[in-house]
Visitor: 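Below is the structure I would like to discuss, written out as C-alpha cells.
Scope of the values below: all heavy atoms of this structure, side chains included, with no hydrogens, waters or symmetry mates. Both ligands and their constituent atoms are indexed starting at 1 by order of listing.
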Amino acid sequence: MKLGVNVDHVATLRQARLINEPDPVTAALIAEQAGADSIIMHLREDRRHIQDRDLELAKQLIKTKLNLEMAATQEMVRIALDVRPDTATLVPERREELTTEGGLDVVSQVDHLRKAVKLLQDAGIRVSLFIDPDPDQIKAAHRLGADAVEIHTGRYAEARDEAERLKRLDEIVEAAKFASRLKFFVAAGHGLNYVNVSDVARIQEIEELNIGHSIIGRAVFVGIERAVREMKQIIITSRYVASL
Ligand code: PXP
C-alpha cells in the first residue's frame, strides 16, 4: 500500500508570516526520504497555502510522484497542463471551507468534468476523482473514464461513536470493492491519523492512502522524517496483519 504525503500545511505555516519558511518543497523531499510514495499539493484558487512556485519546484525536484489536487476550473487545468503532475486529483472547492469538506459531486457535473478530464488525460496526466463512498458517484466516475478514485474518509474520521464509525467504515469497504471491480485504482484519504488509519489500511482494495494534517501536525513534535516513517509503519503492519 502506498502513502501519499500532503505538505499543504507546511505552506500554511509559512503563509501565516508571508515569508519563505518553512518550505513545503523541503518538507516533500524529506518525506520522500522517509518513505513517502508520492507528494500531494493542493493549489487552491485563493492560494491560501501552496503557491504556484511550490508546485513548479516540486515538479522539478521530487523523485517520486506528484499528485496535484485541484478544482476543475479553467485556471487550474491550464496550470496542470503546464506543470504536468503525474496525477491530478479533482476536488470540490469552496472559498469559505476550512478544508475539502465533501467529495466531488460527479453525478451532477458529468458534462463540466468531462472536458477537464479529457484535457488532462490527453496530456498524459492520470486523473483521480475525490468522491464520497457512494456507488452513484463511482458509476459516474466510471462513465467519465477517470483513471482512479480517491474515497473521502472524512465522515469515518469524524464519526462520533463506535456504531457510526463502523457504519462509515463499511461504506468505505463497499465503495472500495465496487471501484476495484470497475478497475479503478483506488485511493482514500482525509482526516486519517495515527489511530484511525489502521482499519482503512486493512481494506485490500485500497492501494494508496493520502494523508496530510496528522503527519504535518506530528512532525511539529518529532520531525517530518519520523512522522512519515511512523505512519508508513502503521500502514504496513495493519496491511500485513489483515493478510494473515
Ligand atoms: N485527499 C484529498 C483529496 C484532500 O483534499 C485532502 C486534504 O487536503 C487529503 C487527502 C488529506 O487530508 P488530511 O489533511 O485530513 O490528511
Visitor: Give a yes or no on whether a salt bridge exists between Glu150 and Arg126, defined as a side-chain N under 4.0 angstrom from a carboxylate O.
Guide: no
Visitor: Using distance alone, determine whether Leu192 and ligand 1 share an N or O pair under 3.5 Å.
Guide: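 No; every N/O pair is 3.5 Å or more apart.
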Visitor: Just let me know how His42 lines up against ligand 1, side chain, backbone, both or neither, with a heavy-atom cut-off below 4.0 Å.
Guide: neither
Visitor: So, the side chain of Arg218 versus the backbone of Ile215: is there a donor-acceptor pair under 3.5 Å, distance only?
Guide: no
Visitor: Has ligand 1 got any nitrogen or oxygen that is less than 3.5 angstrom from a nitrogen or oxygen of Ile211?
Guide: no
Visitor: Are any of the N/O atoms in His9 less than 3.5 Å from those in ligand 1?
Guide: no
Visitor: Taking Asn6's backbone N and O only, do any of them form a donor-acceptor pair with His42's side chain (distance below 3.5 Å, no angle check)?
Guide: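 No; judged by distance alone, with no hydrogens or angles, the pair does not exist.
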Visitor: Measure across Leu129 and Leu90 and return the closest heavy-atom pair with its distance rounded to 0.1 Å.
Guide: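 Closest pair (atom of Leu129, atom of Leu90, distance): CD2-CD1, 3.7 Å.
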Visitor: At less than 4.0 angstrom from any non-hydrogen atom of Gly212, what atoms of ligand 1 do you find?
Guide: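 Near Gly212, meaning under 4.0 Å from one of its heavy atoms, ligand 1 has 11 (C), 13 (P), 14 (O), 16 (O).
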Visitor: Heavy atoms only: which of Gly217, Ser214, Gly191 is nearest to atom 15 (O) of ligand 1?
Guide: Gly191
Visitor: Does this structure show an ion pair linking Lys232 with Asp37, if we count only N-O contacts that are shorter than 4.0 Å?
Guide: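 Answer for the salt bridge query: yes.
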Visitor: With distance as the sole test, does Thr12 use its side chain to make a donor-acceptor pair with the main-chain N or O of His49 at under 3.5 Å?
Guide: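 Checking the backbone N and O of His49 against the side chain of Thr12, no donor-acceptor pair under 3.5 Å is found.
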Visitor: Are Arg168 and Asp199 close enough for a salt bridge, meaning some N to O gap below 4.0 Å?
Guide: no
Visitor: Quick check on contacts: which atoms of ligand 1 are under 4.0 angstrom from a heavy atom of Val91?
Guide: 3 (C)
Visitor: Which atoms form the tightest heavy-atom contact between Ala123 and Leu81, and what is the distance?
Guide: CB-CD2, 3.5 Å
Visitor: Show me which atoms of ligand 1 lie under 4.0 Å from any heavy atom of Asn6.
Guide: 8 (O)
Visitor: Heavy-atom distances under 4.0 Å are what count here, so tell me which part of His152 touches ligand 1: side chain, backbone, both or neither.
Guide: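 Neither; no heavy atom under 4.0 Å.
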Visitor: What atoms of ligand 1 come within less than 4.0 Å of a heavy atom belonging to Glu150?
Guide: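 In order of number, 1 (N), 2 (C), 3 (C), 10 (C).
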Visitor: Please identify which atoms of ligand 1 are closer than 4.0 Å to at least one heavy atom of His213.
Guide: 13 (P), 14 (O), 16 (O)
